[in-house]
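Everything on this sheet refers to the single structure shown next.
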Amino acid sequence: IRVRDMQADGVTLNRNGRYGEENDTYRIAQLDLQGRFNTGGVTHQLLAGVEASTEYGTFFQENLSNVGAINVLNPVYTYPGVAPATTFAFDFIGDGKGRALYLQDLIALAPHWDVIVGLRRSTFDYRQTFNGSVDDSKLAATTWQLGTNFRIDGAWSLYGGLNTGFDTEN
């Protein structure tokens, strides 16, 4: 049951309700390869990786059609004497598969100064079914990071960075 708004008399509260069931399953597998090498006086710590993911979700919802307004000073609730009545709202199924490749380099320029650079390429394939209507879509993005860290002493450091990102909504 959800509160919607108050009527003009200031004591009658409009309400509605929903009944739904949602189930989601997420799986992510990741494989990383790390290495270190020197070029002149500069040390590189490389991280390369690949990632695969799946997402499967369902969401079924019905609206409660007999949720009445109540007087907040003298409430009489609907459901102790009447069973909830429902009407179909929607049925959603989402199935997504993702892949990514990434590379990162932590570069030690001096004993107390590091620079980090990174690049990631992500791709996603989605199949969404909403009330029987199917939509297949693809999404791809390349993101990057650039940062620097200066270690003042064993307890303190200064860090600054820039990066890009993205989000998917299914």
Side-chain angles (χ1 to χ4, degrees), residues 1-32 47-104 116-149 155-170:
I1 305 295
R2 300 180 335 151
V3 171
R4 298 306 296 168
D5 56 9
M6 186 68 72
Q7 291 183 13
D9 64 9
V11 295
T12 305
L13 186 64
N14 293 321
R15 308 174 307 154
N16 70 7
R18 297 178 178 166
Y19 167 79
E21 184 176 326
E22 182 174 6
N23 293 298
D24 297 304
T25 302
Y26 300 94
R27 292 185 180 95
I28 299 174
Q30 183 175 331
L31 179 63
D32 292 338
L47 170 67
V50 62
E51 182 179 290
S53 62
T54 63
E55 172 186 353
Y56 184 81
T58 61
F59 190 5
F60 176 82
Q61 182 171 300
E62 295 176 313
N63 293 326
L64 301 178
S65 58
N66 62 341
V67 178
I70 60 170
N71 180 310
V72 296
L73 301 177
N74 186 23
V76 176
Y77 298 100
T78 305
Y79 294 130
V82 176
T86 61
T87 58
F88 174 78
F90 64 85
D91 188 9
F92 172 82
I93 300 170
D95 189 8
K97 293 174 181 47
R99 292 156 305 283
L101 298 172
Y102 49 91
L103 180 64
Q104 176 180 289
I116 189 166
V117 295
L119 189 65
R120 178 184 174 104
R121 177 67 178 172
S122 302
T123 60
F124 297 93
D125 296 320
Y126 286 110
R127 170 165 279 211
Q128 299 179 10
T129 306
F130 186 79
N131 293 342
S133 177
V134 177
D135 177 41
D136 290 320
S137 61
K138 294 180 182 297
L139 174 69
T142 300
T143 56
W144 55 266
Q145 69 169 342
L146 175 63
T148 186
N149 186 54
W156 294 93
S157 66
L158 296 173
Y159 177 83
L162 295 170
N163 66 284
T164 59
F166 74 101
D167 189 16
T168 64
E169 294 292 330
N170 81 3

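Bear in mind that the values here come from a model prediction, so they are computed numbers and not experimental data. Positions are given from 1, in the same order as the sequence printed here.
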Can we say Asp136 and Lys138 salt-bridge, meaning some charged N sits less than 4.0 Å from an Asp/Glu carboxylate O?
-> no
Working to the nearest 0.5 Å, report the span between CZ of Arg18 and CD of Glu62.
-> 13.0 Å
Any side-chain heavy atom of Leu47 within less than 4.5 Å of one from Leu103?
-> no
Are a donor atom and an acceptor atom from the side chains of Glu21 and Gln61 found within less than 3.5 Å of each other?
-> no
Tell me, do Trp144 and Leu162 make a side-chain contact under 4.5 Å, heavy atoms counted?
-> yes
Got Thr25 and Glu55 here, is their nearest side-chain heavy-atom distance under 4.5 Å?
-> no
State the OG1-CG distance between Thr164 and Leu119, to the nearest 0.5 angstrom.
-> 8.5 Å
Val76 and Asn71, any side-chain heavy atoms less than 4.5 Å apart = no
Smallest separation among heavy atoms of Ser157 and Asn149, with atom names | OG-OD1, 3.4 Å
Roughly how far, to the nearest 0.5 Å, is CG of Asn16 from CZ of Arg2?
-> 5.0 Å
Heavy atoms, side chains only, cut-off 4.5 Å: are Tyr102 and Ser122 in contact?
-> no
Starting from the C-alpha separation in whole Å, work towards a yes-or-no answer on side chain to side chain donor-acceptor pair (under 3.5 Å) for Thr143 and Arg120.
-> CA-CA 5 Å; Thr143 56; Arg120 178 184 174 104; 5.2 Å; no
Crowding at CZ, Phe90 (>12 non-hydrogen neighbours, <6.0 Å) | yes
Taking all non-hydrogen atoms of both residues, which atom of Leu101 and which atom of Val50 are closest, and how far apart?
-> CD2-CG2, 3.7 Å
Is the side chain of Asn14 donor-acceptor paired with the backbone N or O of Arg4 at a distance under 3.5 Å, no angle test?
-> no
Pair Glu51-Ile28, side chain to side chain contact (heavy atoms under 4.5 Å, CB included): steps then yes or no = CA-CA 7 Å; Glu51 182 179 290; Ile28 299 174; 3.9 Å; yes
Would you name the heavy atoms of Asn63 and Ala89 that are closest together and state the gap between them?
-> ND2-CB, 3.8 Å
Rounded to the nearest 0.5 Å, what's the gap from CG on Asn23 to OG1 on Thr58? Could you check?
-> 4.5 Å
Minimum-distance pair of heavy atoms, taken over all atoms of Gly98 and Phe124 | CA-CD2, 3.6 Å
Kindly indicate, with the supporting measurements, whether the criterion side chain to side chain contact (heavy atoms under 4.5 Å, CB included) is fulfilled by Leu139 and Phe166.
-> CA-CA 11 Å; Leu139 174 69; Phe166 74 101; 4.1 Å; yes
Minimum side-chain heavy-atom gap Tyr77-Ile70 below 4.5 Å | yes
Going through the checks in order, is the side chain to side chain contact (heavy atoms under 4.5 Å, CB included) test met by Phe60 and Phe88?
-> CA-CA 9 Å; Phe60 176 82; Phe88 174 78; 3.6 Å; yes
Met6 side chain reached by Val72 side chain, heavy atoms, under 4.5 Å = yes
Is there a donor-acceptor contact under 3.5 Å from the side chain of Asn66 to the main chain of Ala83?
-> yes
Interatomic distance, CZ@Arg121 vs OG1@Thr142, rounded to 0.5 Å, equals 4.0 Å
Considering all heavy atoms, the nearest Tyr159-Gly147 contact = OH-CA, 3.6 Å
Please tell me if the side chains of Tyr56 and Ile93 come closer than 4.5 Å, counting only heavy atoms from C-beta onward.
-> yes
Distance (rounded to the nearest 0.5 Å) between Leu64 CG and Thr87 OG1 = 8.0 Å
Determine whether more than 12 heavy atoms belonging to other residues, nucleotides or ligands lie under 6.0 Å from atom CZ of Arg127.
-> no
Taking all atoms of both residues into account, what is the closest heavy-atom pair of Tyr26 and Asp24, and its distance?
-> CE1-CB, 3.7 Å
